[in-house]
There are 2 protein chains.
Amino acid sequence: MKPKLTLKQIARELDVSVSTVSKALRDSIEISEETRQKVKAFAKLYNYKPNNIALSLKNRKTRTIGIVLPEIVHDFFATVISGVEQVANEKGYNVIICLSNNSFDREVMNMEMLANGSTDGFILSIAKETQQKKDYHHLEEVINQGMPLVLFDRVVDEIKCDKVIIDDTAGAKKAVQHLIDIGCKRIGIITTVDYISVGKLRTQGYLEALEANGMSPDEDLILKIEDMQGSEKEIAEFLKTRDLDGIFAVNEQFSTSAIRGLLNKGLKVPDDVSVIGFSDGELAHRFIPSLSTINQHGAEIGARAARLLIERLERSVDAEESYQTQIVETSLIERESTRHK
Amino acid sequence: MKPKLTLKQIARELDVSVSTVSKALRDSIEISEETRQKVKAFAKLYNYKPNNIALSLKNRKTRTIGIVLPEIVHDFFATVISGVEQVANEKGYNVIICLSNNSFDREVMNMEMLANGSTDGFILSIAKETQQKKDYHHLEEVINQGMPLVLFDRVVDEIKCDKVIIDDTAGAKKAVQHLIDIGCKRIGIITTVDYISVGKLRTQGYLEALEANGMSPDEDLILKIEDMQGSEKEIAEFLKTRDLDGIFAVNEQFSTSAIRGLLNKGLKVPDDVSVIGFSDGELAHRFIPSLSTINQHGAEIGARAARLLIERLERSVDAEESYQTQIVETSLIERESTRHK
DNA sequence: TTGTATGCGTTATCAG
DNA sequence: CTGATAACGCATACAA
């Protein structure tokens with residue numbers, strides 16, 4: 001086992017000073033061609049790699065960006081990560097991923113940990129519990145310390161920073177409009193409780209679509225789910241007593257639960273009821289019937305978030321609070337779970 | 001914007017030396033009760049947190065473990081991560097996740113990056129391309145540098161290190177035995193090409209199960225898939241011309257493709273053909289019919305890998321190559337996609 | 001009880 | 001052209 005090679009060791013080995021080695025390796029013109037070659041050859045031979053930790057300490061920069069996510073068993077977040085990784089790697093940045101598991105405490109802990117030198121900035125989607133508590137001091141904290149923060153997906157107006165979101169309301173409206181276009185008359189929605197920002201917005205899109213088509217919303221056709229646990233049963237119960245010909249479910253899980261509920265009730269999808277979801281992951285794509293849905297373009301969201309963050313990181317002066325909110329367009333994907341009457 | 005508080009600033013503010021502050025904060029008995037209180041109060045008030053980078057440099061330890069994964073859009077890997085995070089956090093370790101995207105180059109790059117000071121050790125599942133090339137120099141490299149490595153899932157005999165695997169062969173055998181138990185006579189397998197270690201092992205389990213029951217394997221009922229791309233079509237073609245009553249598919253994706261292929265052929269699952277998969281994610285759980293499958297216990301794998309790694313990290317002396325391979329038991333999950341004839 | 005000096009690995013500045 | 005020195009933030013052996 002050979003410990004990692006350092007400048008000091010190279011210097012000793014070659015009988016020159018540390019600073020000479022350092023300069024030679026960075027192609028400084030101060031160093032003679034000869035020494036430079038000698039040093040570089042040696043470094044290459046023994047595969048010298050500078051120690052990132054030392055560099056970070058010296059430069060007060062880590063060239064690392066931290067992603068904090070509520071969960072990862074969710075294709076959407078996985079694709080966002082890919083997007084971030086993509087542009088981060090292009091620009092020579094490293095990526096650290098941490099999970100909050102939707103817990104406020106874990107979110108705070110993770111951010112503190114990363115903020116203490118591990119990371120130059122953050123890309124974050126707010127944990128469910130945090131949205132519920134409306135306690136964002138940890139976000140303000142890192143911003144105050146001069147670490148840029150980019151929020152995506154689950155964002156919050158109170159925090160002044162760059163944001164990348166989709167137009168959830170418009171996306172939902174698009175989904176419901178699709179149901180209306182194919183002839184659905186009694187359209188239900190399966191959504192989350194209102195404190196989940198995206199749930200609330202998608203519910204709003206549902207209402208707007210109905211209104212835009214002169215259909216009056218019926219409270220009885222709206223199901224708001226608090227907890228993923230037990231949602232399947234809740235959805236089945238809900239469907240049992242409603243007579244619907246279209247359903248908009250705000251995520252992949254709810255969509256599949258809905259279809260199962262309908263099947264159990266003896267109804268066929270899309271023959272009797274059309275179902276459209278939100279988010280386009282493996283589940284939507286592989287399910288039978290495959291799910292019509294709204295594509296959130298997670299990779300694009302991640303890529304833009306990374307670009308915004310890196311731009312801000314590399315801007316020499318503090319570009320006076322010119323925070324922007326980028327909106328990524330959603331698109332309708334028509335598959336088997338919806339069909340014209 | 002206030003830059004982060006350092007020991008030096010506290011020292012200046014309180015008019016004591018840096019080392020006094022340092023000692024006071026670590027409750028050294030060398031420091032008078034009075035000074036200690038004063039320093040701690042100040043630190044608390046201004047929310048002092050030591051700089052991880054400086055600590056890492058000083059201690060030559062990062063208390064961070066790096067996970068390198070082939071992909072993440074895969075519930076299995078997501079659950080492994082949860083397992084790792086769980087025990088890592090318990091033991092005060094941080095987790096960095098990097099993706100190789102199944103590319104050899106990215107795997108090497110990521111490991112080099114992390115090895116240069118970001119991480120004390122690795123938990124890794126080998127990229128597909130790496131297994132194909134059989135080039136593991138980057139793994140030997142980190143081991144040589146004294147950084148422990150724990151391999152999981154896709155492991156390789158050539159590398160001497162701790163490993164956490166499931167018994168893929170036994171798991172596959174269990175799956176096929178289940179098909180046999182419920183009365184299947186003509187059982188096909190949809191698997192990967194042999195250079196994917198787990199694919200090969202699962203194929204072997206399939207063969208062993210047949211043999212154990214006195215059924216002779218039929219080459220014509222074995223489909224080996226090279227690329228995920230286009231696998232759906234390949235599977236459909238395969239099924240079109242075979243007369244089967246049972247199918248073992250080595251992952252969730254293949255299982256669902258198989259079911260779709262059968263449906264298109266006018267066959268019902270499980271009425272006409274029983275299908276069993278491998279790996280238990282959202283897809284297997286939500287699909288209609290829900291998939292009978294082999295549970296890999298990803299969280300358990302992650303937890304064990306983390307424990308092995310941390311143990312080795314904290315072992316004072318180099319415990320002379322007592323590498324161990326832990327085997328996590330798989331279990332059969334019976335759901336709707338298989339039924340007794 | 002407190003402070004000074006040293007070192008972790010690197011680079012920048014300045015002196016030789 | 002080369003090398004000594006200081007600094008990044010922290011901890012610790014050693015001096016006072």
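Naming: A, B, ... by sequence-line order, numbering from 1 per chain.
By the salt bridge (Lys or Arg N to Asp or Glu O under 4.0 Å) test, Lys40(B) is found to be paired with Asp27(B), residues two or more places apart in sequence or in another chain being considered. Evaluation of the ring pair (Phe, Tyr, Trp, His ring centres under 6.0 Å) rule for Tyr46(B) yields Phe42(B) as partners, not counting sequence neighbours. Glu107(A) meets the salt bridge (Lys or Arg N to Asp or Glu O under 4.0 Å) test with no other residue; sequence neighbours excluded. Ser82(B) is linked by a side-chain contact (heavy atoms from CB on, under 4.5 Å) to nothing, counting only residues two or more places apart in sequence or in another chain. The side-chain contact (heavy atoms from CB on, under 4.5 Å) check on Glu34(B) picks up Ser32(B), with sequence neighbours excluded. With sequence neighbours excluded, no residue forms a ring pair (Phe, Tyr, Trp, His ring centres under 6.0 Å) with Tyr48(A). Take His297(B) and apply the ring pair (Phe, Tyr, Trp, His ring centres under 6.0 Å) test, not counting sequence neighbours, and it matches no residue.
Atoms NZ (Lys58(A)) and C1' (dG9(D)) sit 12 Å apart, rounded to a whole Å. Atom CD of Gln37(B) is separated from atom P of dT1(C) by 14 Å (rounded to the nearest Å). Rounding to whole angstrom units, NZ of residue Lys38(A) and P of dC1(D) are separated by 14 Å. Nucleotide dG9(D) holds its P atom 14 Å from the NZ atom of Lys61(A), rounded to whole Å. Rounded to whole angstrom, the span from the CG atom of Asn59(A) across to the P atom of dT11(C) amounts to 8 Å. When rounded to the nearest whole Å, the span between CD of Glu30(B) and P of dT12(D) equals 10 Å. Rounded to whole Å, atom P of dG3(C) lies 8 Å from atom CD1 of Ile31(B). For the pair Arg63(A) CZ and dT10(C) P, the interatomic distance rounds to 18 Å; values are reported in whole Å.
A donor-acceptor contact closer than 3.5 angstrom links the side chains of Ser17(A) and Thr20(A). If you check the side chains of Gln9(A) and Glu13(A), you find no donor sitting under 3.5 Å from an acceptor.
Looking only at side-chain heavy atoms (C-beta outward), Asp153(A) and Val198(A) come within less than 4.5 Å of each other.
Here the side chain of Leu7(B) is nearest to one of dG3(D), dA11(D), dT11(C), namely dA11(D). With distances taken from any side-chain atom of Arg60(B) to the nucleotides dG9(C), dG7(C), dT2(D), the minimum falls on dG9(C). Comparing dT10(C), dT1(C), dT2(D) by their nearest atom to the side chain of Thr6(A) picks out dT10(C).
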Which pairs would a plain distance check flag for residues 89-99 of chain A, meaning a side-chain donor or acceptor within less than 3.5 Å of a matching protein atom at least two apart in sequence or in another chain?
from, atom 1, to, atom 2, distance (Å)
Tyr93(A), OH, Glu314(A), OE2, 2.9

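Contact annotation: Ser32(B) does not reach the phosphate of dT1(C) (side-chain N/O to OP1 or OP2, under 4.0 Å). Within the 4.0 Å cut-off from OP1 or OP2 of dC8(C), at least one side-chain nitrogen or oxygen of Lys8(A) is found.
The stretch residues 43-57 of chain A touches DNA chain D through Leu57(A), each having a heavy atom under 4.0 angstrom from the strand. For the contact set between residues 18-29 of chain A and DNA chain D, defined by any heavy atom under 4.0 Å, the members are Ser19(A), Thr20(A), Lys23(A).
Taking the screw axis at each terminus of the helix from dT1(C)-dA16(D) to dG16(C)-dC1(D) from five consecutive base pairs, the angle between the two is 70° to within rounding of 10 degrees.
Sorted by first and then second residue, the side-chain hydrogen bond (donor to acceptor under 3.5 Å, both in side chains) pairs with a member in residues 116-128 of chain B read Lys4(A)-Asn116(B), Thr62(B)-Asp120(B); sequence neighbours excluded.
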